[in-house]
There are 2 protein chains.
Amino acid sequence: MGRDKKFSEQDLWHHTHQLLLSVGYQGFTMSLLAQSIGVSRAAIYKQYPNKEELIIQFMVWQMEKSIENLSNVNFSQSFEQQLEDLLVRMFDMRDLHQILGFASQINDVSLVVKQKKEVLNNMHGGLYIPLQQVIKQGKEEGIIAEDRNNFILLSFIFQLIDMPNHLNMPIESFLKEIKLLILHGISK
Amino acid sequence: MGRDKKFSEQDLWHHTHQLLLSVGYQGFTMSLLAQSIGVSRAAIYKQYPNKEELIIQFMVWQMEKSIENLSNVNFSQSFEQQLEDLLVRMFDMRDLHQILGFASQINDVSLVVKQKKEVLNNMHGGLYIPLQQVIKQGKEEGIIAEDRNNFILLSFIFQLIDMPNHLNMPIESFLKEIKLLILHGISK
DNA sequence: TATTTTAGTTACACATGTGTAACTTTTGTG
DNA sequence: CACAAAAGTTACACATGTGTAACTAAAATA
């Protein structure tokens, strides 16, 4: 029973996403969110006790989606194909990255928030597993030197995916450039 | 004449810098700044009409320092030496980078702000000139392929300098790793 | 020492954000 | 149809931020 909802969880996350991207964490307010969804602030407070819990929950949800996505890389391919597969998937979740960067700014206003921040941290590891797998393949194929530190290599890949496309190249060619830089840097 | 100042411009910029790093642009308030300097808010308002003009002025000042710094790379060295020289200097101005990223979030509350944002944009070019010079040298020495796009290469270098040092390696070894990644990517 | 000038403080009016309590609307069900 | 349950709104109290006007403090100088 009860009356029909004016906004779905999808709506909520959609607008949360957009707002976080455009105004950042500190600029994000419940007023702005309510306004962009088209309901009153209090309607959102019925579902989430405060801004912090709403945002951390959004992040956990996004992280789950991302881990799922990355874990679907086809690991039976060659190293280079795996890398390409990976890069395309990582490229799709670029702004997610940016958003997850806000996690450290969230105040521990409640135990729940503190715990979910911890959860988020642990999930970060899950994000790295597929990458580790790809690097392992690269080492097996003799493309990557055995003695190189995996963690640095994957930080490198994560960092490059966030490289701004200032020239506004088509995604495909831009990804090709990134792949080239990852594989061989600036040298011939 | 008049009474002695309680805080110098240096003090002001120092605390502005620290605050921007720790709380970000949206979290930055005149109250926090005044508090960390140890004066009243109004004392700062005597010098800057609002937060926006204060911050944009700080950015212009920082940018000037950075351009000056980068332009002092010794361009009579070999490509690899130039690159190393450059990386050390860029590493010193890492957080500057982060701070300049906030520029787009500053509201155009006055003509002055709008103009200084424009100035800042133009200065960005000045930051690239020494990098272009180094890349040119690399091409001349036949290390970088002639047909590669300079702008992408320098975006790449800028991006890598911001790579987080999650393993907390000593700066020297970390810079060595970055240099290696820039030169050859992940391949042997 | 009285005056001028500059630096700094206090206190106000205003704006925007938060979280909640009391109320209203809409829906399904006995 | 009336009434319980869920969803939504309005209005309030409170907190924090902004910018300014009136005031006070300290130093140079005539």
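The CD1-P distance, from Ile44(B) to dT20(D), rounds to 14 Å in whole Å. Atoms CG (Asp11(B)) and C1' (dA7(C)) sit 14 Å apart, rounded to a whole Å. Going from atom CD of Gln47(B) over to atom P of dT20(D) covers 15 Å, rounded to whole Å. To the nearest angstrom, P of dT9(D) lies 11 Å from CD1 of Ile37(A).
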Original post:
Tell me, for nucleotides 21-30 of chain D in 5' to 3' order, what letter each nucleotide earns: B for a base near a protein heavy atom under 4.0 Å, S for only sugar-phosphate near one, - for neither?
Top reply: -B--BBBBS-

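Not counting sequence neighbours, the partners of Glu84(A) by the side chain to side chain donor-acceptor pair (under 3.5 Å) test are Lys179(A). Residues passing the ring-ring contact (aromatic ring centres under 6.0 Å, His included) test with Tyr48(A) are Trp13(A), sequence neighbours excluded. With sequence neighbours excluded, the residues forming a side chain to side chain contact (heavy atoms under 4.5 Å, CB included) with Gln98(A) are Leu21(A), listed by chain and number. Scanning for side chain to side chain contact (heavy atoms under 4.5 Å, CB included) contacts around Gln115(A) gives Leu111(A), with sequence neighbours left out. Shown here are the side chain to side chain contact (heavy atoms under 4.5 Å, CB included) partners of Ile152(B), two or more places apart in sequence or in another chain: Met163(A), Leu167(A), Met169(A), Glu177(A), Leu181(A), Asn149(B).
Using a 4.0 Å cut-off, no side-chain N or O of Lys6(A) falls inside it from OP1 or OP2 of dT26(C).
No continuous path of hydrophobic side-chain contacts links Leu180(A) to Leu183(A) [ILVMFWY only; heavy atoms under 4.5 Å]. Placement of Leu54(B) and Val112(B) in two distinct hydrophobic clusters is found when ILVMFWY residues are connected by side-chain heavy-atom separations under 4.5 Å, directly or transitively. By the criterion of side-chain heavy atoms lying less than 4.5 angstrom apart, applied directly or through intervening Ile, Leu, Val, Met, Phe, Trp or Tyr residues, Val109(A) is grouped together with Leu120(A) in one hydrophobic cluster.
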Polar pairs (N or O, both sides) under 3.5 Å between protein and nucleotides 12-19 of chain C?
unit_1	atom_1	unit_2	atom_2	d
dT18(C)	OP2	Met30(A)	N	3.3
dG19(C)	OP2	Tyr45(A)	OH	2.6
dG19(C)	N7	Arg41(A)	NH1	2.9
dG19(C)	O6	Arg41(A)	NH2	2.7

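For the contact set between residues 98-106 of chain A and DNA chain C, defined by any heavy atom under 4.0 Å, there are no members. For the contact set between residues 17-25 of chain A and DNA chain C, defined by any heavy atom under 4.0 Å, there are no members.
The stretch residues 165-176 of chain B participates, sequence neighbours left out, in no side-chain hydrogen bond (donor to acceptor under 3.5 Å, both in side chains) pair at all. The salt bridge (Lys or Arg N to Asp or Glu O under 4.0 Å) contacts involving residues 104-113 of chain B comprise Asp108(B)-Lys117(B), where partners must be two or more places apart or lie in separate chains. Among residue pairs with one or both ends in residues 127-151 of chain B, those qualifying as ring-ring contact (aromatic ring centres under 6.0 Å, His included) are His124(B)-Tyr128(B), Tyr128(B)-Phe151(B), Tyr128(B)-Phe158(B); sequence neighbours excluded.
Tyr48(A) comes within 4.0 angstrom of no nucleic acid atom, judged by non-hydrogen atoms across all strands.
Of all heavy-atom pairs between Leu12(A) and Thr16(A), the closest is O-OG1, 2.7 Å.
Side-chain contact check for Gln47(B) versus Phe7(B): some heavy-atom pair is nearer than 4.5 Å.
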